[in-house]
Colleague: 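Let me begin by handing over the structure; questions about it come next.
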Amino acid sequence: MYVDVILRQKGRFSDMLFSYRVPDSLENKIDIGYRVSVPFGKSNKPIEAIVNNLKSENESEGTDFEIKEIFDVLGDEPLISRENMELISWMRDRYICTYLDCLNLFFPKGYTLNSTKIVKPVFSIEELTVEQEMSLDQAERKIINELYLSKEDVSYDSLTSRHSKSKLDSLISKGLVNIQWSYKEVVNEKKIKTVYLDEDLKCKIQMDSDYINCLKLGKKQLETVNFLILNDAVEQSALLDLLGVSNQTIKSLEKKGIIKIKEESHFRAPRQFLTVENKKIDLNSQQREVVDRIIEGIREQSRKPYLIHGVTGSGKTEVFLELIEYVLSQGMESVFLVPEIALTPQTIARVKNRFGNIVGVFHSQLSEGEKYDVFREVKNGNIRVVIGTRSAIFLPFDSLGLIIIDEEHDFSYKSEKTPKYDAIEVARYKAFKSNVAVVLGSATPSVPDYYNAKNGDYELLELNKRANNNLMPEISIVDMRKELHSGNSSPLSKELVAKMDLELKKGNQVILFLNKRGYANFMECKDCGHVFKCKNCDITLTNHKSLKKGICHYCGYEEHIPERCPKCNMTNIGSVGVGTEKIEELVSNLFPNHKTLRMDRDSTKKKNGVQKILEKFNKGEADILIGTQMLSKGHDFANVTLVGIISADLMLNFPDFKSYEQTFQLITQVSGRAGRGEKLGQVVLQTYNTEHFAIRSAANYDFKGFYETEIKLRKTFGYEPFNNIIRVVFANSDESVAKENSFRFRDTLKYLMEEKGIDSVRSILGPNECSIRMINNKFRWQVIIKNHGVDIKLLKSMIKYICIKKYENVFSKGIDISIEINPNTFI
DNA sequence: GGGCAACGCCCA
DNA sequence: GGGCGTTGCCCG
């Protein structure tokens, strides 16, 4: 038998399948998805690999390379399922990346194979002939003596660090010592040591309490034993803490046979529960209808994904929970994807409260060990419902029945790291291949997804009423141009302040939304016009007044803001624009008797920062919550009756074709935070663009109207969903290198396209400098490729050929190339 | 990406 | 010729 494997070895060359022979003894221990160790390279170094497919014949017969035999099969079950192995190949093509990039998504870092080179003498001392011994010089004799004396394996590296390398080489060429590879499997499991008394001893002590004195123990040891008489089994770390004894004490007690230490693997996943009221909510008729329809689809094994378009507060989460329950009852597992785990503590709590300890939480902020543990528990079948971010979709479920993608319009479902996959696309692939029900939900579906639904690629289901039967909060638009003309230059309009005053007096809570953290947009010297910019990126520094610093919101670079302008030495440094910090300052001056809270990336940096702020606000410890788009993500505040959107224009004027869509989404989502409880809500929307269709339709809750206008625009300009757009960014610390390579790429691609008779003029845009010229000290140039009727597969294979296979031939050394399909943003 | 042979340079 | 750093090639 033969297998093709994917090597867990980095490098352009290793991005291919390698064939190996399977020795007869391993034939029934191996299958697709198993981990194996294989010899690789001239030295036959053991490398870890995953079996991609099985073959009965050696297909490479007659080729000039020799087929090697695999060393071993690691583990007695496949690590990755057959379906997921197919998904890996699909993703490699789809996202123009390597096998390894994809493989790593399915692979907790807990498994590693460590290979070391070992030096061993060929003959034993007795076998060594006199001639052989005579031929050695002093240095060689020293080495070989060391090898004979050592009880353990001696590694090549440690030997050469102490002895001459060439002496060792000469021993090898004389045939006296041998070099072998040895490998060790490392599994990242946390072990907990539990300490308990030896049973016999315990009995003796219980029979005769004086027996303990016969042991002649030191003070600390005696203390430990006495403690263990009272406490059956204690974690070693706790023992050390409690009694202040040292590791040594424990060890010597163990040596004497007085105590025993037991090592057990331990599940590390943090099990923090946030308690919310566990009320079982009865579904309203609309919710019921949606649930029934999807259950029917699951029964019929319809492979079509569902898109639930439900207004904010329509109770999508309840629908999801109901579906999870059904799928569980059918013996299948579910995964519930959310945009950002930190922002959804309420959702996690609801899932956990409903389904108890079969619920796991998975996201990229877990430590590698914690990820490994969730992975293992999912594989064991102990975790059957996972709530997590996009990467949770790759967990090793046995029979996944349901993938829920909440807030499906959110950008975070597209990965910004290689492989730049889209979790929604992966889910759709799974729905198609393995009959998993995929349910997308949003109050503001993305334009391409709504288009898919209208085209029949998704089944569209609607929830157009709030679960509590409240009306949607009324949105009133405030024209900030008029506000300015009437002499109010404050970022807070008179109408907003008046309404805040009214609601606060009634004892209600207010949310103010501004999509800009920090104090102000940027800082400028009003005398010479000097603008403070980041040293690494082409970005203005945002003023964080509370810290007296300017911070780059891209790379995190910080700079103390001096009193005097570094250019003209004048003191007239002023801030332009507004951020959440400035709003907070304004509001506390206006309403000194009301407490404010601020929620943005700065105020939530600490562990559970978001959760703490949300809890405080929910308990009513503050009346006004000021925040960035973190606020928009599905939070439930019962007592909020007024939402103020400070500026709807920040997003609108972003240099990106998705900015209208994003503006619409943000306004709708943020407005949705008002009036979720018993009381009605209202929204004040401040803008300089009162007539813009994105703002108008958002204010009227007219998703369909927005969609109709936006889809026409996109058709005219050939954007998603009418074209696939591939963006290739070249980054280098030397601007001319970045530029030159982007041109080389364009020219090579053009050449290849024209060779195939494809018109390249309509498809290739650029090269252009990116809107953000420099990030992290690297200049960025981009080429954008639209597929305008060209087969996307052909285009991608060309790009892959240039950027991966012919990388060395085409590009300068050290240039960063990032390839993205339908990226979130083009800045 | 990494292992390794081949190469070239320095030094005695 | 040995010692050692650099380079370029190849990997089932």
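Each chain gets a letter, A, B and so on, in the order the sequences are listed, and its residues count up from 1. Both backbone and side-chain heavy atoms feed into the values below; hydrogens, waters and symmetry mates do not.
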Colleague: When you check the phosphate oxygens OP1 and OP2 of C:dG12, does a side-chain N or O of A:Lys68 lie under 4.0 Å from one of them?
Modeller: yes

Colleague: Does a side chain donor of either A:Ser412 or A:Asp410 reach within less than 3.5 Å of an acceptor in the other side chain?
Modeller: yes

Colleague: Given atom CZ of A:Phe71 and atom C1' of C:dG12, what is their separation to the nearest angstrom?
Modeller: 13 Å

Colleague: A:Asn52 has an atom CG; how far is it from atom P of C:dG12, in whole Å?
Modeller: 18 Å

Colleague: Let me know the distance between CE of A:Met16 and C1' of C:dC10, rounded to the nearest Å.
Modeller: 12 Å

Colleague: Write down the distance between NZ (A:Lys10) and C1' (C:dC10), rounded to a whole number of angstrom.
Modeller: 20 Å

Colleague: Take the protein atom CD of A:Gln9 and the nucleotide atom P of C:dC10, then report the distance between them rounded to whole Å.
Modeller: 17 Å

Colleague: Answer yes or no as to whether C:dC11 has its base stacked against A:Phe18, where stacking requires a ring-centre separation under 5.5 angstrom and planes under 30 degrees apart.
Modeller: no

Colleague: Please determine if A:Asp422 and A:Arg94 form a salt bridge, counting it only when a charged side-chain N lies under 4.0 Å from a carboxylate O.
Modeller: no

Colleague: I'd like to know if the side chain of A:Asn741 pairs up with that of A:Ser812 as donor and acceptor (distance under 3.5 Å, no hydrogens or angles considered).
Modeller: yes

Colleague: Looking at C:dG12, I'd like to know if its phosphate oxygens (OP1 or OP2) sit under 4.0 Å from a side-chain N or O belonging to A:Lys45.
Modeller: no

Colleague: From B:dC4, B:dG2, C:dG12, pick the nucleotide closest to the side chain of A:Lys117?
Modeller: B:dC4

Colleague: Rounded to whole angstrom units, what separation is found between the CG atom of A:Asp15 and the C1' atom of B:dG1?
Modeller: 13 Å

Colleague: NA contact type, A:Leu17, heavy-atom cut-off 4.0 Å: base, sugar-phosphate, or nothing?
Modeller: base

Colleague: Answer yes or no: does a side-chain N or O of A:Ser43 lie under 4.0 Å from OP1 or OP2 of B:dC4?
Modeller: yes

Colleague: Just wondering, are more than 12 heavy atoms of other shown residues or ligands nearer than 6.0 Å to CG in A:Asn380?
Modeller: yes

Colleague: Could you check how far CG of A:Leu113 sits from P of B:dG2, rounded to whole Å?
Modeller: 15 Å

Colleague: Side chains of A:Lys420 and A:Ser818: do they bring a donor and an acceptor to under 3.5 Å?
Modeller: yes

Colleague: Please identify each residue that fulfils salt bridge (charged side-chain N to carboxylate O under 4.0 Å, His left out) with A:Glu83, with sequence neighbours left out.
Modeller: none

Colleague: At 4.0 Å (heavy atoms only), tell me whether A:Tyr20 reaches a base, stays on the sugar-phosphate, or touches nothing.
Modeller: sugar-phosphate

Colleague: Dump every N/O contact between nucleotides 7-12 of chain B and the protein below 3.5 Å, one line per pair.
Modeller:
none

Colleague: Heavy atoms under 4.0 Å, any strand shown: does A:Lys165 hit a base, just sugar-phosphate, or nothing?
Modeller: nothing

Colleague: Can you figure out which of B:dG1, B:dC4, C:dG12 approaches the side chain of A:Lys42 most closely?
Modeller: B:dC4

Colleague: Write out all pairs satisfying side chain to side chain donor-acceptor pair (under 3.5 Å) with one or both partners inside residues 41-52 of chain A, taking only residues at least two apart or from two chains.
Modeller: A:Arg8-A:Glu48, A:Arg35-A:Glu48, A:Asn44-A:Lys68

Colleague: Take the protein atom CG of A:Asn44 and the nucleotide atom C1' of C:dC10, then report the distance between them rounded to whole Å.
Modeller: 13 Å

